[in-house]
**Q** 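This is the structure I have questions about; it appears just below.
The figures that follow rest on heavy atoms only: side chains count, while hydrogens, waters and symmetry mates do not. Index from 1, following the sequence.
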Amino acid sequence: MPKLARTVVSAAFSLVIAMAAIGVQPQTAAAADLSISRAELHAVRLLNAERAKAGLVAVRVDSRLMSIARQRSADMASRHYFSHVSPSGQSVFDMIHASGISWYAAGEIIAWNTWPGLADSAVAAKDGWMGSPSHRDIVMSTDYNYVGLGLAIDSSDGKKIWTGVFMKGPDRTGGYVRLAPLPKTTLSSAEAYKVITVSWTGGDIRLQTLTSGLRHYQIQVRTNSGAWNWLSGGTTRTSQDITVWRDPTYDVRIRACDQAGNCGSWARQHVDI
């Protein structure tokens, strides 16, 4: 690991202090329980809600960090310990580095409680973290843009063990597109075709830090639910004229790509003739 990265790791690790959130009363009780994976995402939403209250940008879920956080919680649950360093001496920073992830800073928060429901357990973990200055500093940091939350249950005593991994890393999040409503296209008996204009708004999804910025939009069209054909592999315009004929059916889809090469989901629109 480069010397600079080691310095960043040391600074990040100084922020993480183990906390056992035992018997913390959730602020709200869940109406129904959740699966482990849904409880993890629920915890992410709860933490991002706290960030939103402070005017901060949401940290984005990173599947690689989710895997690391789950491994950390599972290891603590199976080996019956609660620490930022495993019995074999491994920390979350070792795991991030070993995974090959590009990163500049990271922080870990952990908690455990014995609430029977996973939804309430997530709230209790969030409340415990927000009530601890060192943990709150990580949750509310303006240095992090990605997160992973992992939950595991210790089968010996029912403890719910939570791990949150926050990271500052390169932008991996594609852009977004919102298509404008398209009115029904009507061809008169004298018309064989008509030119319609598809328009949209979009951009690069904002991160708390290191947002790459929009590069271009990509546009494809298909007829009769067939193969997609390219209209543009990269344009900065926000409208596209399409010639539609009487018999075929048409679908258009558009996505936004950022300066780092990440492309978002396709926004699709059916041309109603």
Side-chain angles (χ1 to χ4, degrees), residues 1-9 11-12 15 40-41 44-45 47-48 51-52 54-71 92-108 138-150 164-180 198-221 228-240 252-269:
M1 185 184 298
K3 183 176 181 180
L4 176 59
R6 288 183 183 274
T7 301
V8 171
V9 168
L15 293 176
E40 291 168 341
L41 295 178
V44 172
R45 289 191 291 270
L47 295 177
N48 273 330
R51 290 178 61 87
L56 301 177
V57 179
V59 284
R60 305 284 298 184
V61 171
D62 187 306
S63 60
R64 304 166 304 172
L65 298 183
M66 291 292 287
S67 177
I68 290 173
R70 287 166 176 163
Q71 291 177 57
V92 69
F93 308 109
D94 298 321
M95 297 174 70
I96 295 173
H97 181 62
S99 71
I101 294 174
S102 296
W103 61 293
Y104 310 116
E108 180 185 66
I138 292 176
V139 173
M140 305 298 282
S141 174
T142 58
D143 288 334
Y144 301 132
N145 49 10
Y146 288 99
V147 70
L149 258 290
V165 181
F166 289 74
M167 185 186 78
K168 177 182 181 180
D171 188 343
R172 300 180 69 245
T173 305
Y176 68 94
V177 169
R178 298 189 183 98
L179 286 158
V198 177
S199 59
W200 63 89
T201 58
D204 192 21
I205 293 176
R206 184 186 173 197
L207 304 176
Q208 181 65 60
T209 184
L210 301 182
T211 306
S212 294
L214 178 70
R215 182 179 182 183
H216 59 224
Y217 299 102
Q218 295 180 335
I219 311 168
Q220 293 183 339
V221 66
W228 289 100
N229 298 301
W230 287 96
L231 290 181
S232 176
T235 179
T236 56
R237 66 177 179 269
T238 55
S239 65
Q240 173 70 42
V252 181
R253 65 180 188 180
I254 303 165
R255 67 180 181 180
C257 304
D258 68 14
Q259 297 289 345
N262 305 301
C263 294
S265 301
W266 290 101
R268 177 178 159 183
Q269 193 167 55

**Q** Is the closest side-chain heavy-atom distance between Gln240 and Thr235 below 4.5 Å?
**A**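 Contact flag for Gln240/Thr235 side chains = no.
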**Q** Can you tell me how far CD of Gln208 sits from CG of Asn145, rounded to the nearest 0.5 angstrom?
**A**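 If I round to the nearest 0.5 Å, the distance is 8.5 Å.
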**Q** Side chain to side chain contact (heavy atoms under 4.5 Å, CB included) with Phe166: which of Asp143, Val92, Val147?
**A**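 Option passing the side chain to side chain contact (heavy atoms under 4.5 Å, CB included) with Phe166: Val147.
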**Q** Answer yes or no: is there a side-chain heavy-atom contact under 4.5 Å between Trp200 and Val252?
**A**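 With C-beta onward as the side chain, the pair stays apart.
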**Q** Check the pair Ile101, Met167 against side chain to side chain contact (heavy atoms under 4.5 Å, CB included), reporting the backbone distance first and the verdict last.
**A** CA-CA 10 Å; Ile101 294 174; Met167 185 186 78; 3.6 Å; yes
**Q** Please give me the minimum heavy-atom distance between Ala256 and Gly203, naming the atom from each residue.
**A**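 That would be CB-O, 4.0 Å.
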**Q** Are any non-hydrogen side-chain atoms of Ile219 and Val198 less than 4.5 angstrom apart?
**A**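 They are not in contact (no side-chain heavy atoms under 4.5 Å apart), so the answer is no.
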**Q** Once rounded to the nearest 0.5 Å, what's the spacing between atom CG of Asp258 and atom CZ of Arg172?
**A**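 One gets 11.5 Å once the value is rounded to the nearest 0.5 Å.
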**Q** Decide side chain to side chain contact (heavy atoms under 4.5 Å, CB included) for Met95 and Val165; before the verdict, give the C-alpha distance in whole Å, the side-chain angles of both, and the deciding distance to 0.1 Å.
**A** CA-CA 11 Å; Met95 297 174 70; Val165 181; over 6 Å; no
**Q** Working to the nearest 0.5 angstrom, can you tell me the gap between Leu65 CG and Tyr146 OH?
**A**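 Nearest 0.5 Å value for the CG-OH distance: 10.0 Å.
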**Q** How far apart are the closest heavy atoms of Arg255 and Trp230, and which atoms are they?
**A**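 So the minimum-distance heavy-atom pair works out to NH2-CH2, 4.5 Å.
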**Q** Do side-chain atoms of Gln218 reach the backbone of Gly233 as a donor and acceptor pair under 3.5 angstrom?
**A**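 Looks like yes, one N/O pair under 3.5 Å.
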**Q** Tell me whether the count of non-hydrogen atoms from other residues, nucleotides or ligands lying under 6.0 Å of CZ in Arg215 goes above 12.
**A**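 No - once you tally the heavy atoms of other residues, nucleotides and ligands closer than 6.0 Å, there are 12 at most.
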**Q** On a heavy-atom basis, which atom in Gly169 and which in Leu210 lie closest, and how many Å separate them?
**A**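 Minimum heavy-atom contact is O-CD1, 3.4 Å.
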**Q** Quick one, Ser265 and Tyr176 - any side-chain contact, counting heavy atoms below 4.5 Å?
**A**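 They are not in contact (no side-chain heavy atoms under 4.5 Å apart), so the answer is no.
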**Q** Identify the heavy atoms of Ile205 and Thr211 that sit nearest to each other, and give their distance.
**A**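 Looking at all heavy atoms of both residues, the shortest contact is O-CG2, 3.6 Å.
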**Q** Would you give the length of the straight line joining atom CG of Leu41 to atom CE of Met66, rounded to the nearest 0.5 angstrom?
**A**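 Here the rounded value is 5.0 Å.
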**Q** Is the backbone N or O of Ser141 less than 3.5 Å from a side-chain atom of Arg51, with the two atoms forming a donor-acceptor pair by type?
**A**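 Yes: the side chain of Arg51 pairs with the backbone of Ser141.
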**Q** Quick one: closest heavy-atom pair of Gly150 and Ala69, and the distance?
**A**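 Here Gly150 and Ala69 meet closest at N-CB, 3.4 Å.
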**Q** Rounded to the nearest 0.5 Å, what separation is found between the CG atom of Leu47 and the CD1 atom of Ile138?
**A**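 One finds 11.5 Å between CG of Leu47 and CD1 of Ile138.
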**Q** Verify side chain to side chain contact (heavy atoms under 4.5 Å, CB included) between Thr238 and Thr201, making sure each step is shown before the conclusion.
**A** CA-CA 6 Å; Thr238 55; Thr201 58; over 6 Å; no
**Q** To the nearest 0.5 angstrom, please state how far the CD1 atom of Ile254 sits from the CG atom of Leu179.
**A**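 Ile254 atom CD1 to Leu179 atom CG measures 5.0 Å (nearest 0.5 Å).
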**Q** Say whether, by atom type as modelled, one donor and one acceptor occur between the side chain of Asn48 and the main chain of Val59 under 3.5 angstrom.
**A**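 Yes.
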**Q** Within a radius of less than 6.0 Å around CZ of Arg64, do more than 12 heavy atoms belonging to other residues, nucleotides or ligands occur?
**A**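 Yes, enclosed.
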**Q** Is there a side-chain contact between Arg237 and Tyr217 in this structure, where contact means two heavy atoms from C-beta onward sitting under 4.5 Å apart?
**A**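 They are not in side-chain contact.
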**Q** Which heavy-atom pair separates Trp228 from Gln220 by the least distance, and what is that distance?
**A**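 Scanning both residues completely, I find the closest heavy atoms to be CB-OE1, 3.3 Å.
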